[in-house]
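Below you'll find the structure, written out as structure tokens, and then a few comments.
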Amino acid sequence: MTKLAGVEELGQPKKPSFFQRVLNGVEKAGNKLPDPVTLFALFTVLILIASAVFGMLGTSAVHPGTGETIKVVNLLNAEGIRSIVTTLVPNFTGFPPLGLVLVVMLGVGLAESTGLVTTFMKTTILNAPAKIILPTILLIAVLGNTAADAAQVVLPPIAAMIFAALGRNPIAGLVAGYATVTGAFSANLIVSMLDPLIFGFTQSSAQMIDPSYVGNPAINWYFLIASTFVLIPVAAFVTTKIVEPRLGTFQGEIEKLEKTTPEEKRGLLWAAITLAAYTALILWLVVPENGILRDPETNGIIVSPFMTGIVPIMLFGFLLPALAYGFASGALKNDKDVAEHLTKAMSGMGGYIVLAFVAAQMIAFFGMSNLGPIIAIKGAAFLKGIGFEGLSLFLGFIVIAALINLLIASASAKWALLAPVFVPMFMLMGYDPAVTQVAYRVADSITNPITPMLAYFAILLTFAKKYDKNIGIGTLIATLLPYSIAFAIFWIILFSVWFLLGLPLGPGGAIMLP
């Protein structure tokens, strides 16, 4: 078996290193945190209490843009309670991320349940030349977040089996796949379902300061494309120069990786044909002058039906190839099978719906109380007063959010908490919501590989124990840590260069407000 640093040898207990003791402490503390739903409920109660206290104290602030005096609204007096009761349902049904995520998941879920996602990954990697096998795995890992969380489950064990077939340590393949798909979670070449999910919180938070603010889910797209080309070679270097030498030669039994079946290949072919036809249709609707999905008045693309309709476009981008794959491969026989697969795919969204309900109330009450704008105005004034702004401000924000990610792994849960404070605050300092969002996405990604609080970490540990039954959490985190460190260094460098040059972050996304 592989000899790993931090694994106890029989009869020779090894004292955990300082770093492993720190990680064990983080894990212990994280396990004591309430469920995210409970956290949102607690924050909602605190917001209501704070609104009552500061409302009775007459706390207020002057809006620097309009000169309007904003006062805290007491949500626990008679009028406030009436508002709570009458807006509870609209708060939930009008919650921006709710519809966006559920609609996209119809297509993504079908692609996953029919086997299209697994077959695509397996076929793409197996057909790559030996010299580019690792970069191919890493590219698929980065692109995998398009399919939501499917890649975090599917890719690592496939990468482990491919490494074993090549005579390399399968645990190295396992951690390389996992670290890249989680640590580069926001990087991609295309707009993924994470983009509309995160942007929903950003837009609602920005509208606390500017009710007319309307963006689109692709406001960070240019930066995320560049991140893809930066992080893939970084992950390859860490794997070959740090992780594999540390793990050494694997001596255990190897599970053979089965190739795709003729039925799967036929399904993949028809899925590719369907996707190509669909892509051609979208291009025909967007590229030509006066295209149907361009803005009918300006003929532009940045603000257009194409950008505002990116969610249904993504839905059919997954749904149609999944249907083609399912019927061609035999995974789907009739319309009843389609309905069954769709139901199965959406059944896993129950937890998200519950979380969205509580988060929607918290954000709505936060906005109704006026606590957000007042905190933003006073916070911005304080930061300006001490001269803490510019790049150093955002680097500090990245560090704070990355540390929070060690204990609360859900990207949407953290951003639902942070966006209503930091997006308005930074807007009042002149920064576009897009740069605050992209700083958060960098922070959220870089500590993903090493946090035991991410649900898929437990699954990774299970996979690892198939190759080494003695491997523990500390050992696994120590093996993943070089990826987090390397990603943090190079992603922060990229962000700093982008920030200092004032480059556009995506369509409609900038560093500074106009």
With side chains defined as the heavy atoms from C-beta onward, is the minimum distance between Leu391 and Phe495 less than 4.5 Å? yes
Under the 3.5 angstrom rule, does the side chain of Trp491 hit a backbone N or O of Leu231 as a donor-acceptor pair? no
Please check if the side chain of Ser227 supplies one atom and the backbone of Ala187 the other of a donor-acceptor pair under 3.5 Å. no
With Phe499 as reference, evaluate Phe397, Phe394, Phe223 under the ring pair (Phe, Tyr, Trp, His ring centres under 6.0 Å) test and give the passing residue. Phe394
At what distance, to the nearest 0.5 angstrom, does CZ of Phe185 lie from CD1 of Ile446? 15.0 Å
OG1 (Thr228) and CG (Leu143) are apart, to the nearest 0.5 Å, by 6.5 Å
Lys344 bridged to Asp337 by N-O distance under 4.0 Å: no
Looking at Leu110, is its backbone amide N or carbonyl O close enough to the side chain of Ser113 to form a donor-acceptor pair, meaning the two atoms are under 3.5 Å apart? yes
Would Trp415 and Tyr440 count as a ring-ring contact (aromatic ring centres under 6.0 Å, His included) here? Give the steps. CA-CA 8 Å; Trp415 193 227; Tyr440 168 74; 4.4 Å; yes
Only one of Thr182, Thr239, Val234 passes side-chain contact (heavy atoms from CB on, under 4.5 Å) with Tyr483, and that residue is Thr239
Does the side chain of Arg168 reach to within under 4.5 Å of the side chain of Leu134, using non-hydrogen atoms? yes
So Tyr278 and Pro321, do their side chains get closer than 4.5 Å, heavy atoms only? no
Ile363 and Val358, any side-chain heavy atoms less than 4.5 Å apart: no
In terms of the angle between their ring planes, are Phe199 and Tyr213 parallel, tilted or perpendicular, with boundaries placed at 30° and 60°? tilted
I'd like to know if the side chain of Asn169 reaches the main chain of Ala164, judged simply by a donor and an acceptor atom lying under 3.5 Å from each other, with no hydrogens or angles considered. no
Is it true that the side chains of Arg266 and Ser329 contain a donor and an acceptor less than 3.5 Å apart? no
Gap between atom CH2 of Trp498 and atom CG of Leu503 - 0.5 Å precision: 6.0 Å
Flag if over 12 foreign heavy atoms under 6.0 Å of NZ, Lys241: no
Kindly indicate whether the side chain of Leu285, heavy atoms from C-beta on, has any atom under 4.5 Å from the side chain of Phe306. no
Keeping Ser204 on the side-chain end and Phe201 on the backbone end, is there a donor-acceptor pair under 3.5 Å? yes
Check whether more than 12 heavy atoms from other residues, nucleotides or ligands sit under 6.0 Å from atom CD of Glu263, and answer yes or no. yes
Quick check: closest heavy atoms across Thr240 and Pro245, and the distance to 0.1 Å? O-CD, 3.4 Å
Do any N or O atoms from the side chain of Asp195 and from the backbone of Ala218 form a donor-acceptor pair under 3.5 angstrom? no
Separation between CG (Leu418) and CG (Asp444), nearest 0.5 Å, reads 10.0 Å
Val181 and Val142, any side-chain heavy atoms less than 4.5 Å apart: no
Steps toward side-chain contact (heavy atoms from CB on, under 4.5 Å) verdict (Leu106, Phe318): CA-CA 8 Å; Leu106 282 170; Phe318 284 105; over 6 Å; no
To the nearest 0.5 Å, tell me how far Thr447 OG1 sits from Phe487 CZ. 12.5 Å
side-chain contact (heavy atoms from CB on, under 4.5 Å), that's the test. Do Leu102 and Ile353 meet it? Break it down for me. CA-CA 9 Å; Leu102 293 181; Ile353 293 173; 4.2 Å; yes
Within a 6.0 Å radius of atom CZ on Phe463, are there more than 12 heavy atoms belonging to other residues, nucleotides or ligands? yes
Do the side chains of Thr479 and Arg246 get nearer than 4.5 Å, heavy atoms only? yes
Exercise: identify the closest heavy-atom pair between Leu315 and Val103: CD1-O, 3.1 Å
Pairwise side-chain contact, Val423 with Gln437, heavy-atom cut-off 4.5 Å (strictly under): no
Using the six-membered ring wherever Trp is involved, compare the ring planes of Tyr467 and Phe250 and label them parallel, tilted or perpendicular (cut-offs 30° and 60°). perpendicular
Between Ala176 and Leu138 the two heavy atoms that sit nearest each other are O-CD2, 3.9 Å
Closest approach of Pro424 and Ala419, non-hydrogen atoms and distance? CD-O, 3.2 Å
Quick one, Asp432 with Phe426, criterion side-chain contact (heavy atoms from CB on, under 4.5 Å). Give me CA distance, side-chain angles, the key distance, then yes/no. CA-CA 8 Å; Asp432 193 284; Phe426 293 163; over 6 Å; no
Grab the two heavy atoms, one from Thr451 and one from Asn405, that are nearest each other, plus how far apart they are. OG1-O, 3.7 Å
Taking all non-hydrogen atoms of both residues into account, name the closest pair between Leu283 and Pro288 and its distance. O-CD, 3.3 Å
From Leu332 CG over to His341 NE2, what is the distance, rounded to the nearest 0.5 angstrom? 5.0 Å
Show your working on side-chain contact (heavy atoms from CB on, under 4.5 Å) between Leu293 and Val287 and close with a plain yes or no. CA-CA 9 Å; Leu293 292 183; Val287 173; over 6 Å; no
Is there a donor-acceptor pair closer than 3.5 Å between any side-chain N or O of Glu264 and the backbone N or O of Thr261? yes
Flag, side chain of Asp468 to backbone of Ala464, donor-acceptor distance under 3.5 Å: no
Keeping the roles fixed (side chain from Arg294, backbone from Val286), state whether a donor-acceptor pair exists under 3.5 Å. yes
Can you check whether Gly215's main-chain N or O pairs, donor with acceptor, with Gln203's side chain at less than 3.5 Å? yes
